[in-house]
Structures are given as C-alpha cells and as structure tokens.
Amino acid sequence: MTETITGWLFDLYPNETNLTVWLIGEEGRRQRFFQDFAAVLYAAGPSTLLRQLWKWLMGQPIPVHLSRQERRDVFHGTIPVLSVEVLQPGKVDQIFREMVCAFPELSWYDADISIPLRYMARFDVFPLARVRLELRDETILRISPLDTPWELDPVPAPLRMLSLEPDCDPAHGETKELVISYERVRYSLPLEKAAALLVSLRADLRHYDPDVILTCWGDAWLLPRLAQASTESGVALPLNRDESQPVLERKEHTYFSYGQIVYRGRQTQLRGRWHLDQHNATLWGDYGMQGVLEMARVTRQPVQEAARLSPGTGISSMQFITALQRGILIPWHKHQAETPKSAMDLLRSDMGGLVYQPTVGLHREVGGVDFVSMYPGIMVRFNISPEVPRAKNDLEPTEGEPGIVPLTLAPLLNRRLALKSALLSMGKYDCRRPVYQALASAEKWLLVTCFGYLGYKNARFGRIEAHEAVTAYGREALLRAKEAAEELDFEILHMYVDGLWVHKPGCKTPADFETLLREIAERTGLPISLDGIYRWVVFLPSRVNGDVPVPNRYFGVFQDGSIKVRGIEARRRDSAPFITETQLQLLEILAQAPDADHLKEVLPRAQAYARKQLQVLRNGRVPIEQLLVAQKLSKELTEYSAPSPAVRAVRQMQAAGRAVRPGQRVRFLFTLGKPGVCAWDVPGVHPNPHTIDLPRYRTLFERAVRTVLDPIEQSVKGGVEAECLYLFPQPCQGSKTFARMVGEQ
DNA sequence: TTCAACCACTT
DNA sequence: ACCCTTGGTTGAA
C-alpha cells in the first residue's frame, strides 16, 4: 500500500541506519519519515592497490557495494575508479577515515561531501522545496521536486516561529529575564527560577510546536544554559522535535573570507526543528530570515548550516551540486594547515580591476553606470572554468560544452538579473521590495566570491589562468564602455572596476542614458544597468594629500532623493554610532535640495544641525552606547606588537576572564588618562560618563562633518557668507587645548 | 617629525 | 613563509 503526499522539505539528517526526513505537509502536518540512502565515494590509483582496497572493504563490518567504473576528473579526463557505496549514510565519515589510513597513496573523490548535500543533488531538491513523496507507511520510496530554487516568488512554507530573547546582551550585562513570544503570546520569566522557566517553556514547545526557535545569543549562551539547567533540575526540555536525536553542537571557528578574518561563534543545532541565533547568523543583520532561507535554497545547505555559511563554502557547495549531478569527480582535499591566500588578496595582487582617478569635487547630473555582476557575467558568457582550455588573450565568446563554473553560476546570475529588473519595475512601496533586495544582496556575495575562488589555490575548481582571463576581460570591457561614452560625448568623471560615472549637460532622465547603455551592452556583451542618476555626487580627495583624488571615497544623492555613500566614516564599522548618525543626517538634509543649485539653501540647515550635535556631544548628552567604537581583532592578542586601542580593550576583558578570538569584535569607549580606553563587554563594569574622552570624540566628530560639508561649502562658495565656511574653531591637536574647550562649554 | 603597526573599505 | 591594493589613524621612537 503506497500513498502520495506533497509539502515542504523541512529537515534532513542521517540516523543510525538510514535518513530521517521531515516534511511540512500541504495541510500543515509536521511529519517524520525515513528513507534508505547510500552515499558513494570513489578511489583512484594503481589497480593492485584498488584490488587490495576491495578486499579490505569486504572484511569491514560496515556494509558496502563495490564496483569498478569510469568517471570524469575535471583536470585529468576520464579515469578508472573503484566506486564505494556506503549503505548506511551516517557511517561514511568513519569508513572514509579508516580507508585513508589504510591506503594513504590512493586519490579520493566525493569523499567529504555532507549527506544532506548528496541528497539534494541526487533528488534535485533543496531546503523548503515543494516536494511530492511516495510512501509506504513511514518510508519514503520516492521524492520528486515540484519547484526549483530559482522561483522568484516561491509558495512560502507556513513556518511556526517561537522567539526567545534575554532582556540584555549577556556579553555585556547581567541578564535577568527571558522574553518568550510566539503568535500573539508574549511574556517574560526570570532566568533565575530555572525550573519554572523550563516547565513553562516545555509547555510552549508541546502546545505550539514551533518549527523555528529564534533566539538572541542562543548559540553560545542561552541554549547551552537552558540545557545545563535542565540537567541540574531534572526538568526535561525537548528542544528537538526529533527526541531520538541529541542537540548538536558546532564548534566556534575563525576563517578568512575576502581579506577579512571572520569569527563564527559555536552553534547549537536542533533536529526536526531549526534554531537560528540572530546574532550568530552570517547574513542576519542585512537580510534577516529571508536571506538565510535564500542562502539555503540556492546553496542547498540545510537551513541551520546556511545561517552561518561563509560565501566560500556556499559557492563551493553549489559547485559540488553541479559536479555531483553531472557525474564529475570532486577531488578530496586534505585540510592543510597553511594560511590560504584570501580571494581579496588575489584581487589585489594581480591588479584585477581597472581603477581610474576621479575628478575631485562636486558634480551635477551624473549617471552611475554599472556592469551587473561583471565578473560572474564574464565567466558565464566566455565559458571560463578551470577545465575549459583557453587560448591566450582570447576575448571572444567560446563555443562548446559549458564548464562547471558557468554551469553553476548561470542560474544564480539570471536570478539576480531577474530580481534586479523586477525591482526596477515595481513601485517604491511594493511589499516585495525589501525581500527582493535581501535576495539580490545575498546572491551578490555568492557571485563575487565565485570569482575569487577561481584563483584560490585551495579551491577544488580553481585555476589561476581562468582567474586572470576574467580580470583581463573586465578591464577590456570597462575600456570599451569608456570609448562608447566618449563617442557619445559623455564626460568620464570616474571609473572603478565595474562601473563608470559619466556626465553630459542636459542628461538627467533614464532615457538620456539609453543609447549609451545599449551601446555598451553591444560592445561588451555584458549586462549593464543604470545604477541611478545623481542630482550631484562628490568625489573626495585624499586626506593626506589634498591634491590627489582617491578612487573609492564618494557620496551623492540620486534623483529620487536616496543617498549613496562609499568609503567615508559612515560606512566604516569602526565609527561610533553617534558619528555615523550625524554624518548620515547631514546627507539627509543636503538631500532635501532638489538639485545642486539648491544646495546653498539647505547648507545653513546642515551647518546648524552639525553645531547642535556638537553641543549635544560637549554637554555630555550623547547616550554612552552611541559613542561605542567596535573593532575587529585581526589576530591573537600575543601576536600584536603595538598596543592599539583595541588591544588595550581586549587586555581589560582578559583580566576579567573574557576571551576574545581573532575575528571577534571588541567594543570600547575612548576614555581620559591611561589606558585611554574602557572595554564595554566586561560584566559589572560601568564606565563613568565623566571619564569619556570628549576631545577625542570631538576630533572624530569634526572629521566626519568636514568630510561631507567641506566639498559642499567649497562648491557653493561665493554665494555664501564667509563666516559660514568655518563652523568650528580651527582644529586643535593638543589634548590640553581640547580639555579647555570642553571645559568652557 | 617620522614611521611602523594596525584597521577598514573598495567589489 | 610569503606576499601584500588603497587610505587613513594611532602611538611610540
């Protein structure tokens, strides 16, 4: 007796003998099923060794199916392999470890691919895919997808969410209460009365049966704490929906991504239910739940994994899916202890992108023209992939079988283009807008990283020549764009890697740029778009040498009044919120001018605002959190040779028993006297507001204000009284002078 | 005053 | 162990 049901694929993991698969049924039931699933891996090498391996495997207790096959290796063509089919998916890692030990000389393929990823590739499904199951009792006989990860508006799964939120950041202060909320329920309980809390929470879990437990600081703090309380008090807390499985812990780790060191705290994963910690999810800040689900869909990683995925892992898993589905072998990589060159290092060292010197100052009626996902676009159009042979300096589209990289990228790129064009045509207040924006930004990361991986020596599908071909065409495309613009009498104000800023008197509607865009698209074969038309844009000079332009510090206002800011204080994550806020507010005021000619009318308001904010600062009325500076620790404390403010703050934290790992942020305040900083995340220590180093904050404040106002004032000079040019007394460097100025009030 | 060390941004 | 874009700031020599 078989039956068929449909629903959303929710969770998936190996159990003792086969796989557990959770489904959210069409009609809303959460159901657990089981499915037989064999994981296949391959060994290649001398036939005698393969024969020995065969014999060795026959003597193992773990059941396997063995066969000789021919498979395709990306770099070596078709090779003979021994196929090892492990019938108990949960045992793959164990048996593989033993095989490598016994036969270290053999080459291994498809060996370190997670079970969920193998499953997703085999059945072409993904987390929250709509699927049809053919069942016999609790056993899945067949699973087939009803949609693809590339739907723009997938039918949303009816997820039940329960949120757990302590009343304050446990890293910083003393948490007393836990706020529990779901649907229309919301209440809080003291954390101290553990038994009462556990009983209540258990009742909620049983009664509401959430799919998602959404927490703040749940990974490293709340859930471990609840688990411990549960053990101590004897009150069981069934966080897992699958009570036959233990709660899973993923260890903290630090990795490089795009020239940055990144820290991921430990993670607490559930089975049959998701736990998502908003403060420990890679993309949560910018994209929220939608971003995490999108990441899971396109990378096909389980949702809890997707939540803390690095873009590199994300793009790798997409390539693995492509390879698995096409029968291309995935080489096994030992994890070498060497420090990998980051993708960003490569981008820098081979001077990948073309960079131009902008014309410093304020410009009006400027078109921002961007290639959309330029590097991925190049890889797809020119079939750039490690296994596809290339003639040198060949800049023409190639014929033939698309390679792994373009095959992986094409749907992602098309999706991003589709999202972008949907965004262009939808109204400003369309409710899908924020979602689409979140999806587009989430994918941008994957696309950008894919290019980096092409030149990354540890990537399994990398090749430096392919990487160079991409940057070479990128430079060529930008130059062709420049030529096209100049032939159409546009003035080139600036070019940067994949975008250019152009001006032509009278060109201020999208229609005025249409010919240019079409011409560039035609000459380069790459998708191009109008990022927007600026009412005005300012390219900043170097601060060290005021005559020299810098390519990536600018700000401007588009015709719809929205603001674009790059490289300046407000974009730096080590700026205090008060500084960022002031700078962005200044820009908001300036954005009220309908065009550059009206800047002189709004400038006095901006100046008055700056003066007001300065007063707030001087009077000590800025909330202390607004003055917090956050910096990322780039290495172990012992590796530092200079006692930078961040290092001094970490020392304070260490003295209080708080460890900080590389990649973690250190929050601190600048204070008067030695050591000049006060670490924020030291429990029980509350900095005295009177010791705040106001002069220092004032310097930072004025710097940020001058970045924005100086160029505007210069451009409207003549029409404005001279006294307006200097908002503040001349900047003073010595702290004594500052102390006097702050004291004078 | 100079300079090495350090942080962050650009995509 | 090696190389390391840019701009900018900080604190010690």
Side-chain angles (χ1 to χ4, degrees), chain A residues 256-262 311 336-358 370-378 416 440-441 443-453 455 457 470-471 474 478 494-499 531 539-546 548-555 564-575 579-580 629-637 639-650 662-666 668 670 674-677 693 696 699-700 703-704 706-707 731 733 735:
Chain A
F256 283 95
S257 172
Y258 258 62
Q260 285 218 331
I261 190 156
V262 181
Q336 281 128 351
E338 65 181 310
T339 311
K341 236 182 196 259
S342 75
M344 200 59 200
D345 287 338
L346 281 154
L347 188 58
R348 289 161 179 160
S349 59
D350 62 16
M351 259 337 290
L354 186 63
V355 175
Y356 200 65
Q357 302 260 289
D370 284 346
F371 287 100
V372 188
S373 289
M374 182 198 236
Y375 288 158
I378 292 172
R416 186 163 140 83
S441 340
E443 273 149 14
K444 184 172 192 168
W445 269 106
L446 289 172
L447 288 164
V448 166
T449 310
C450 188
F451 158 69
Y453 256 47
K457 66 170 185 273
V470 175
T471 51
L478 202 61
H494 187 30
M495 299 199 287
Y496 192 89
V497 187
D498 67 351
D531 185 33
F539 296 112
L540 290 167
S542 161
R543 224 181 220 129
V544 175
N545 182 348
V548 179
V550 293
N552 45 24
R553 283 167 51 87
Y554 64 90
F555 55 89
K564 182 151 182 171
V565 161
R566 288 295 179 268
I568 66 175
E569 287 81 356
R571 287 284 287 196
R572 294 180 66 104
R573 275 168 296 187
D574 62 347
S575 294
I579 307 291
T580 300
V629 173
Q631 283 187 347
K632 211 184 239 188
L633 212 61
S634 63
K635 47 193 168 190
E636 295 288 350
L637 193 58
E639 294 173 297
Y640 280 92
S641 57
S644 67
V647 169
R648 281 173 279 152
V650 174
Q664 274 188 296
R665 258 168 220 292
V666 193
F668 58 88
F670 287 115
K674 297 271 170 182
V677 295
D693 189 351
R696 181 151 188 169
T699 314
L700 297 170
R703 196 182 284 153
R706 293 326 325 162
T707 298
Q733 300 284 317
S735 60

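Hydrogens, waters and symmetry mates are skipped; everything else that's a heavy atom, side chains included, is used. Here is the naming used below: chain letters follow the sequence lines, and residue numbers restart at 1 for every chain. Quick caveat, the model's predicted, so the values are computed rather than measured.
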Using only atom types and a distance under 3.5 Å, with no angle test, would you say the side chain of A/R573 pairs donor to acceptor with the backbone of A/A630? no

Cation over ring face, A/K564 and A/Y554, 6.0 Å, 45°: no

Has A/R696 got a side-chain N or O lying under 4.0 Å from the OP1 or OP2 atom of C/dT9? no

Nearest to side-chain heavy atoms of A/R543, which nucleotide of C/dT10, B/dC9, C/dT9: C/dT9

Atom CG of A/D370 and atom P of B/dT10 are separated, to the nearest Å, by 14 Å

Quick one: do the A/R553 and A/S542 side chains pair a donor with an acceptor below 3.5 Å? no

When all nucleic acid strands are considered with a 4.0 Å heavy-atom cut-off, which category describes A/P551: base, sugar-phosphate, or nothing? nothing

Assess, by modelled atom type and distance only, whether the side chains of A/T707 and A/E569 contain a donor and an acceptor separated by less than 3.5 Å. yes

Would you mind reading off the distance between A/D693 atom CG and C/dT10 atom C1', rounded to a whole angstrom? 13 Å

Partner set under side-chain contact (heavy atoms from CB on, under 4.5 Å) for A/Q631, not counting sequence neighbours: A/D574, A/V629, A/A646, A/F668

Can you tell me if A/Y375 and A/T471 form a side-chain donor-acceptor pair at under 3.5 Å? no

Would you tabulate the nitrogen or oxygen pairs shorter than 3.5 Å linking the protein to nucleotides 2-6 of chain B?
unit_1, atom_1, unit_2, atom_2, d
B/dA5, O3', A/S641, OG, 3.3
B/dC6, OP1, A/S641, N, 2.7
B/dC6, OP1, A/S641, OG, 3.4
B/dC6, OP1, A/A642, N, 3.1
B/dC6, OP2, A/K635, NZ, 2.7

Less than 4.0 angstrom between a side-chain N/O of A/R571 and OP1 or OP2 of B/dA8, yes or no? no

Using atom CD1 of A/I568 as one end and atom P of B/dC9 as the other, report the distance to the nearest whole Å. 12 Å

Name the closest nucleotide to the A/R572 side chain, picking from B/dA8, C/dG8, C/dG11. B/dA8

Rounded distance in Å - CE (A/M495) to P (B/dT11): 15 Å

Rounding to an integer number of Å, can you tell me how far A/R566 CZ sits from B/dC9 P? 11 Å

Take A/R703 and A/K674, find for each the nucleotide of DNA chain C with the closest heavy atom, and name the residue whose nucleotide sits nearer the 5' end. A/R703

Say we look at C/dC4 and B/dC6: how far apart would their C1' atoms be, to the nearest angstrom? 14 Å

Which residues share a side-chain contact (heavy atoms from CB on, under 4.5 Å) with A/D693, sequence neighbours left out: A/F670, A/L672, A/P695, A/R696

To the nearest Å, give me how far apart CZ (A/F539) and P (C/dT6) are. 20 Å

Between C1' of B/dC7 and CZ of A/R665, the distance in whole Å: 11 Å

Rounded to whole Å, please give me the gap between OH in A/Y554 and C1' in C/dG8. 19 Å

With rounding to whole Å, what would you report as the distance between C/dT5 and B/dA4 at their P atoms? 15 Å

Side chain of A/N552 - closest among C/dG8, B/dT10, C/dT10: B/dT10

